[in-house]
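One structure below.
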Amino acid sequence: MKRGHKAVIEAGTLLPVLCDTLFTRWSSMSTEWDDGIRQGGKAPKKGSAQEAAPVGVNPPSAEAEMDEAQRFSEQQRVRREKLARLQAEGRDPFAVVRFDQTHHSAELKAAFEALEKSGTVPEGQGARIEGVSVAGRIMSFRDGGKASFVDLQDRDGRIQLYINIDDLGAEEYAHIKTFDRGDIVGVTGFVFRTRRGEISVHVKTIQLLTKGLEPLPEKYHGLQDTEVRYRRRYLDLVMNPEVMETFKRRTKIVSAIRDYLDSREFIEVETPILANIASGAAARPFITKSNALNLQLYLRIATELYLKRCIVGGMERVYDMGKNFRNEGIDIRHNPEFTMIELYQAYTDYKGMMELCEGLVSHAAVKATGATKVNYQGTELEFAAPWRRVTMIDAVKEYGGPDFKLISTDEEARALATERGLEGELKKKLKDCTKGDILNAAFEKFAEKNLIQPTFVMDYPTDISPLTKQKPGDPTMTERFEAFIYGREVANAYSELNDPIVQLDRFRQQAREKELGDDEAYALDEDFVSSLEVGMPPTGGMGIGIDRIVMFLVDAYSIRDVILFPTMKPDLG
RNA sequence: GGGCCGCUAGCUCAGCUGGCAGAGCAGCAGACUCUUAAUCUGCGGGUCGCAGGUUCGAUGCCUGCGCGGCUCACCA
């Protein structure tokens, strides 16, 4: 992937005077460009004058400029030359500031078909919509000596342009033939249907609005290279319509979730991303630093403890939908930054959260796909309520694991773990594990992967649920569920623990876990405990992984396919 | 972190056992007034991911590194 960034022209192609002007102008811009490139753009591929040159000092020497010229491809040079000519002729496309669209491609096609069906078009005449203007990117050219066809792509799709020399005159027609794939144009004209049946815009005027300086990927195969697709998502969006569709659908899902909650009187709030203590989940945080405070801070791993403070404060129903950051591995289901919604509702419990979860997800499914049944990677998933409910203990037994109803002590559980080969699933040394740890391990080993249709797994061990209320009558278990779809956890909810004295004990137990080597044990947040002392009503709370829900609803194999700019290592070398 | 695979023209891909680097699209020049992967004629275009090594000779073999993908492990 070899690409140039600085504007360089070939001297021989232009008048010397023009040449001087352009070199001066572009040289003065180039330092700015360098800054931009260093911030977020693509670094130059090899060791080079550009890398060595101090940033923001002097413009590169003429020698360095010529060096730069060497690393443009032939096609990049041609496009820069075309741009230079346009600018010399006073037709700088980058000087254009606005273009008013009357329509987008899809609505134009819909309107035209509606007109044809309306029966108002006189016999023997073709339908027409006069006075339209559209804008977009040129995706392909079928040019002829006196008439050409162009595929124009805008936000909603493509529409064909018909360009005829009779409408524009020979000079303008010749000018248009210098346009390239990837250029952005605005046209005016009327809509008609060609003899071959394609709804098209018969162009009366056409204006270049932006020159594309880089050749587009191939029109037929498009952009396939996964790495380039993720690194340069803008190209992926241009070339792959299904990618555009995926992200439009993601937006619909997010909107549907907000609508659902807003209509149930939830208040959307924003809690801190920069945190003194990263708590509320079992995960390692990213560490950052405030210069002003000379203080180490963490990026949040959950919003839970702040949202519960809002409940203490009396908001009753709150949610925060936003990014969380977990300093962990990356794979098809995990991106270091991901979007989660957490919501809390006073005066209900985890069963209330189940109903909310079913309702919310099936609502999003309908809004995004039109149905509650969705095909995911060849498997039909049914999101309509009610979802299956099963206790963790029953699920383990059902899928071939041991019967934990027969186990009462940690010793028995540890013996069982050895017997059933569960050591590999445990985070701690076997001797430090409780019955709860081993039940959880057994669940992950036997049950999890089998939970294909949406399922609530209820009643988690207290040991692994430090923010959750215990079950009445069984202090070893809590009122917690996780929702599983296609073997993946998508939601986690509790009857929230609101007893500050018990909560402090649970945090202290987590501190002991940390000493036993669990570097993901929950961190103690004393102010949060203080807030519970003020008094939190009985409350149900839930977190839902938005990216994972989106994956199911857009049939994405990898989480990177639903995140516009997934985390990547820098592209060096 | 382990294993496997990939990295060749702007893009999509060939490239045999180590012997002058290829095609299609795109680009350039020309023809063509209803094309749609338009067509026809001609022409350019390469740091074969990077660095070493072996060899008379390396895109190919060896070693190391980089980035990506899949997978296992870790991890919600």
Side-chain angles (χ1 to χ4, degrees), chain A residues 1-4 45-48 70-79 81-82 126 139-152 158-168 173 177-178 180-182 192-200 202 212-231 235 238-239 281-284 301-302 324 326-336 338 340 424-425 427 440 444 448 464 482-484 487-492 518-520 543-545 547-548 557-560 566 568-573:
Chain A
M1 216 173 33
K2 191 172 43 174
R3 294 178 299 112
K45 222 144 155 89
K46 281 107 200 176
S48 68
Q70 296 300 312
R71 62 160 60 79
F72 286 124
S73 73
E74 181 189 30
Q75 296 194 46
Q76 286 172 318
R77 280 198 294 271
V78 166
R79 284 163 182 245
E81 286 159 15
K82 284 179 177 178
M139 297 305 291
S140 73
F141 257 111
R142 291 174 295 281
D143 59 327
K146 296 198 170 61
S148 298
F149 295 87
V150 166
D151 291 331
L152 188 77
R158 293 188 183 188
I159 190 160
Q160 180 171 266
L161 307 181
Y162 174 67
I163 302 169
N164 190 304
I165 196 167
D166 299 334
D167 295 291
L168 300 169
Y173 189 79
K177 289 187 79 166
T178 69
D180 290 299
R181 289 181 69 233
F192 75 115
R193 198 184 274 279
T194 64
R195 275 174 227 159
R196 299 287 181 95
E198 177 101 10
I199 298 168
S200 307
H202 186 122
L213 294 180
E214 187 174 336
L216 245 35
E218 202 218 3
K219 65 185 169 192
Y220 189 61
H221 297 93
L223 181 64
Q224 306 280 345
D225 187 308
T226 319
E227 181 172 356
V228 180
R229 288 185 45 226
Y230 294 153
R231 285 190 193 284
L235 273 179
V238 168
M239 296 308 300
R284 275 175 290 179
I301 58 173
N324 282 355
R326 297 187 182 177
N327 210 339
E328 289 158 3
I330 299 175
D331 62 31
I332 56 167
R333 271 158 289 160
H334 300 266
N335 195 61
F338 62 100
M340 177 140 91
E425 312 283 321
K427 292 179 195 172
N440 188 49
E444 287 174 7
E448 202 173 63
I464 58 167
E482 292 187 338
F484 287 86
R488 298 174 189 171
E489 182 206 341
V490 298
N492 181 17
D518 181 358
D519 56 1
E520 296 187 346
I544 301 175
D547 310 279
R548 290 185 182 176
Y557 177 70
S558 168
I559 197 169
R560 291 188 197 94
M568 304 280 280
K569 285 192 180 184
D571 178 23
L572 305 170

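So you know, we letter chains A, B, ... as the sequences are listed, proteins then strands, and number each from 1.
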Could you give the distance separating [M] and [N] at their [atom1] atoms, to the nearest angstrom?
| N | M | atom1 | answer |
| --- | --- | --- | --- |
| B:G10 | B:G45 | C1' | 10 Å |
| B:A73 | B:G15 | C1' | 37 Å |
| B:A14 | B:G46 | C1' | 15 Å |
| B:C5 | B:U41 | C1' | 42 Å |
| B:C34 | B:U39 | C1' | 14 Å |
| B:A58 | B:C74 | P | 46 Å |
| B:C7 | B:C43 | P | 30 Å |
| B:C61 | B:G18 | C1' | 8 Å |

Rounded to whole Å, please give me the gap between [atom1] in [X] and [atom2] in [N].
| X | N | atom1 | atom2 | result |
| --- | --- | --- | --- | --- |
| A:Asp225 | B:G49 | CG | P | 13 Å |
| A:Arg229 | B:U12 | CZ | C1' | 14 Å |
| A:Phe72 | B:G46 | CZ | P | 15 Å |
| A:Arg195 | B:C34 | CZ | C1' | 5 Å |
| A:Asp547 | B:C75 | CG | P | 21 Å |
| A:His202 | B:U33 | NE2 | P | 15 Å |
| A:Asn327 | B:G1 | CG | P | 13 Å |
| A:Ile332 | B:C75 | CD1 | P | 17 Å |

What are the two closest heavy atoms between A:Arg326 and A:Ile301, and how far apart are they?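 Closest approach of A:Arg326 to A:Ile301: NH2-O, 2.7 Å.
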Closest contact, heavy atoms only, A:Asp519 versus A:Arg284: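 Smallest heavy-atom distance, with atoms named: OD2-CD, 3.6 Å.
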List RNA chain B stems (3 or more consecutive Watson-Crick/G-U pairs, under 3.5 Å)?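 Correct response: B:1-7 with B:66-72, B:10-13 with B:22-25, B:27-31 with B:39-43, B:49-53 with B:61-65.
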Who pairs with [X] by salt bridge (Lys or Arg N to Asp or Glu O under 4.0 Å), at least two apart in sequence or on another chain?
| X | value |
| --- | --- |
| A:Asp331 | none |
| A:Glu198 | none |
| A:Arg229 | A:Asp236, A:Asp561 |

Out of curiosity, A:Leu223 CG to A:Glu218 CD, how far, rounded to the nearest 0.5 Å?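 So the CG of A:Leu223 and the CD of A:Glu218 are separated by 11.0 Å.
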When we call it a touch if two heavy atoms are under 4.0 Å apart, what does [X] touch: a base, just sugar-phosphate, or nothing?
| X | value |
| --- | --- |
| A:Gly222 | sugar-phosphate |
| A:Tyr230 | sugar-phosphate |
| A:Met239 | nothing |
| A:Ala283 | sugar-phosphate |
| A:Arg560 | sugar-phosphate |
| A:Glu482 | base |
| A:Arg326 | sugar-phosphate |

Carboxylate-amine/guanidinium proximity below 4.0 Å for A:Glu227 and A:Arg231: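 Looking at A:Glu227 and A:Arg231, the cut-off is met.
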What pairs with [X] under side-chain contact (heavy atoms from CB on, under 4.5 Å), at least two apart in sequence or on another chain?
| X | result |
| --- | --- |
| A:Thr226 | A:Tyr230 |
| A:Arg142 | A:Ser140, A:Phe149, A:Asp151, A:Gln160 |
| A:Lys177 | A:Asp143, A:Tyr173 |
| A:Asp547 | A:Arg250, A:Phe338, A:Thr339, A:Ile559, A:Val562, A:Ile563 |

Any N or O donor-acceptor pair linking the side chain of A:His221 to the base of B:C11 at under 3.5 Å?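 For A:His221, whose side chain was compared with the base of B:C11, there is no donor-acceptor pair (under 3.5 Å).
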Please pick, from [options], the nucleotide with the shortest atom-to-atom distance to any side-chain atom of [X].
| X | options | result |
| --- | --- | --- |
| A:Arg231 | B:A76, B:G68, B:C11 | B:G68 |
| A:Glu227 | B:U36, B:C67, B:C75 | B:C67 |
| A:Lys569 | B:G10, B:C67, B:C75 | B:C67 |
| A:Thr226 | B:A76, B:U33, B:G68 | B:G68 |
| A:Ser73 | B:G10, B:C11, B:U33 | B:G10 |

For a quick check, with a 4.0 angstrom heavy-atom cut-off, what is the B/S/- contact string for nucleotides 26-32 of chain B, read 5' to 3'? BSS---B
A:Tyr557 side-chain N/O to B:U71 phosphate OP1/OP2 under 4.0 Å: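 Result: yes.
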Residue whose closest nucleotide on RNA chain B lies nearer the 5' end, A:Ala147 versus A:Glu448: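 Checking each residue's closest nucleotide, the 5'-ward one belongs to A:Ala147.
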On RNA chain B, does the nearest nucleotide to A:Arg142 precede the nearest nucleotide to A:Asp331 from the 5' side, or the other way round? Give the residue.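 Nearest-nucleotide comparison on RNA chain B picks A:Arg142.
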Dump the intermediate steps for side-chain hydrogen bond (donor to acceptor under 3.5 Å, both in side chains) on A:His202 and A:Asp167, then the final yes or no. CA-CA 9 Å; A:His202 186 122; A:Asp167 295 291; 2.6 Å; yes
